[in-house]
2 protein chains.
Amino acid sequence: MNFKTPTNTALYSIEEAIKAYRKLSQHNISQIVPNITVDQALILLILENNDKTQTEVADMVFKDYASMTRIVKLMVSKDYLIKTVDNQDKRKAKLEITKNGKTILEKLKPMIQRNREVALNNVSHEELEQMYKTLNKITQNCKSKK
Amino acid sequence: MNFKTPTNTALYSIEEAIKAYRKLSQHNISQIVPNITVDQALILLILENNDKTQTEVADMVFKDYASMTRIVKLMVSKDYLIKTVDNQDKRKAKLEITKNGKTILEKLKPMIQRNREVALNNVSHEELEQMYKTLNKITQNCKSKK
DNA sequence: TGAAAATATTTGATATATCAAGTAATTTTC
DNA sequence: GAAAATTACTTGATATATCAAATATTTTCA
């Protein structure tokens, strides 16, 4: 067994796909709402129906807690989020979406939907399920072993 | 058709997988060579056998040219790369790996190999090929349409 | 109960991502 | 053959990523 060319590995193609998807998404949502990022939109989606703590959201969007602190600060300043101290546990920060955030989100939803459809055009349901399974295997492999 | 929960989309699991893999890789190569990033190691691999221009490398590792400028600057200062003006076309920057870079790379290779094996543990060849095809579809979809 | 450990978040430092604007070399075009 | 367009990069500004260290609160446990 020899050392594979780095550009021929499966993991390289994962990176390629996600970068292409991010570029498409960012390009398209910027047309609708300039000045919001793909990740910020994802955070709004997650908070749309229920409030969550900052750490919960960070885990869901795979962000480092330090990054999350800064992203939240920006989102609060843009009037997308409200951040308050959790009364049950004062260490925690409760995040909720603002009215403005909801408005923005409604404007963005059709485009988010469209981006997904464009990305997955011509990919069958079975194909997608299969990819999903394989990716989960990889994720679990990486998380369990060191 | 309704709006899918963002955390249940295929693209979310792509993101999850690549982040888990990056974390594993960075953790493990840092044990061998502190102070080098996964992407820097990938750049060394790409330059191992042939010199390339800065833009060529940037395209291969999916980096923005501005980012590439800064990454290269760091890698030159760490004595991983030599950067010279291309004599045929003086706009171009020729990148080549240093002797030190090669030494580092040899030290890292077994771990890079191991990371790939860990990530792909229990993933069959057919499964991998299938995922590769699906990912390529997604990449092409994102690149062609707007 | 009170000290130690754990949890949730913040801040600082440095690296990378991204966009826009700028520079220098090369190519194209009329 | 010179102006205009293109290419390959650089720089500045701002956002995000990551690690380490710090703070405040809560939990655990001897």
Side-chain angles (χ1 to χ4, degrees), chain A residues 15-16 18-31 33-43 51-78 80-81 83-95, chain B residues 15-16 18-31 33-43 51-78 80-81 83-95:
Chain A
E15 186 91 36
E16 186 175 19
I18 199 69
K19 292 241 179 173
Y21 179 62
R22 284 190 154 271
K23 191 161 277 182
L24 170 80
S25 298
Q26 188 63 62
H27 175 268
N28 285 346
I29 76 167
S30 292
Q31 312 279 76
V33 180
N35 213 21
I36 191 169
T37 69
V38 172
D39 286 325
Q40 288 176 6
L42 177 58
I43 291 169
D51 303 348
K52 296 198 181 302
T53 69
Q54 190 167 303
T55 302
E56 282 171 342
V57 176
D59 288 338
M60 293 179 80
V61 297
F62 317 121
K63 297 285 176 195
D64 185 89
Y65 302 133
S67 291
M68 196 65 198
T69 294
R70 281 138 185 160
I71 294 170
V72 166
K73 189 167 292 177
L74 278 172
M75 291 182 76
V76 167
S77 77
K78 286 187 200 167
Y80 294 157
L81 295 184
K83 176 175 183 168
T84 49
V85 173
D86 183 306
N87 275 328
Q88 261 59 54
D89 185 338
K90 288 176 184 170
R91 290 170 303 185
K92 296 181 180 173
K94 187 180 82 175
L95 299 182
Chain B
E15 187 90 36
E16 186 175 20
I18 200 70
K19 292 241 178 172
Y21 180 62
R22 284 190 155 271
K23 191 161 277 182
L24 171 80
S25 299
Q26 188 62 62
H27 175 269
N28 286 347
I29 75 168
S30 293
Q31 313 278 77
V33 178
N35 213 18
I36 192 169
T37 68
V38 172
D39 286 325
Q40 288 175 7
L42 177 57
I43 290 169
D51 303 348
K52 297 201 180 299
T53 68
Q54 190 168 304
T55 302
E56 282 172 342
V57 176
D59 288 337
M60 292 178 81
V61 296
F62 316 122
K63 297 284 176 198
D64 185 89
Y65 301 133
S67 291
M68 196 66 198
T69 295
R70 282 141 185 159
I71 293 170
V72 166
K73 188 167 294 177
L74 278 171
M75 292 182 75
V76 167
S77 77
K78 287 187 200 165
Y80 294 157
L81 295 185
K83 176 174 182 169
T84 49
V85 173
D86 183 306
N87 275 328
Q88 263 59 54
D89 184 340
K90 288 174 184 171
R91 291 169 303 184
K92 296 181 179 173
K94 187 180 82 175
L95 299 182

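Each chain gets a letter, A, B and so on, in the order the sequences are listed, and its residues count up from 1. All values below come from the heavy atoms of this structure, side chains included, with hydrogens, waters and symmetry mates left out. Just so it is clear, the model here is predicted, and its values are computed rather than measured.
Separating the CD atom of B:Glu56 from the P atom of D:dA8 is a distance of 9 Å, rounded to the nearest angstrom. The distance from atom CG of A:Asp59 to atom C1' of C:dA8 is 11 Å, rounded to the nearest whole Å. Following rounding to the nearest Å, B:Lys92 (NZ) and C:dT23 (C1') show an atom-to-atom distance of 18 Å. Rounded to an integer number of Å, the gap from CZ of A:Arg91 to C1' of C:dA8 is 6 Å.
Judged as a salt bridge (Lys or Arg N to Asp or Glu O under 4.0 Å), and not counting sequence neighbours, A:Arg70 has no contacts.
Minimum interatomic distance between A:Tyr65 and A:Gln54 (heavy atoms only, all atoms of both residues): O-NE2, 4.5 Å.
With a 4.5 Å cut-off on side-chain heavy atoms, A:Met75 and A:Lys83 do not count as touching. Residues B:Lys23 and B:Lys19 fail the side-chain proximity criterion, which asks for heavy atoms closer than 4.5 Å.
Residue B:Asp89 places its side chain closer to C:dA25 than to any other of C:dT10, C:dA25, D:dT26. Closest to the side chain of A:Lys90, out of D:dT11, D:dT25, C:dA25, is D:dT25.
For residues 51-66 of chain A, the pairs satisfying salt bridge (Lys or Arg N to Asp or Glu O under 4.0 Å) are A:Asp39-A:Lys63, with sequence neighbours left out.
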Between the protein and nucleotides 15-18 of chain D, which nitrogen or oxygen pairs are less than 3.5 angstrom apart?
from   : atom 1 : to      : atom 2 : distance (Å)
D:dT16 : OP1    : A:Gln40 : NE2    : 2.9
D:dA17 : OP1    : A:Lys63 : NZ     : 2.6
D:dA17 : OP2    : A:Ser67 : OG     : 3.4
D:dT18 : O4     : A:Arg70 : NH1    : 2.9

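OP1 or OP2 of C:dT10 sits under 4.0 Å from a side-chain N or O of A:Lys83.
Using a 4.0 Å heavy-atom distance criterion, B:Lys94 is classed as making no nucleic acid contact.
The line from CD1 of A:Ile36 to CD1 of A:Ile43 is 9.0 Å long, rounded to the nearest 0.5 Å.
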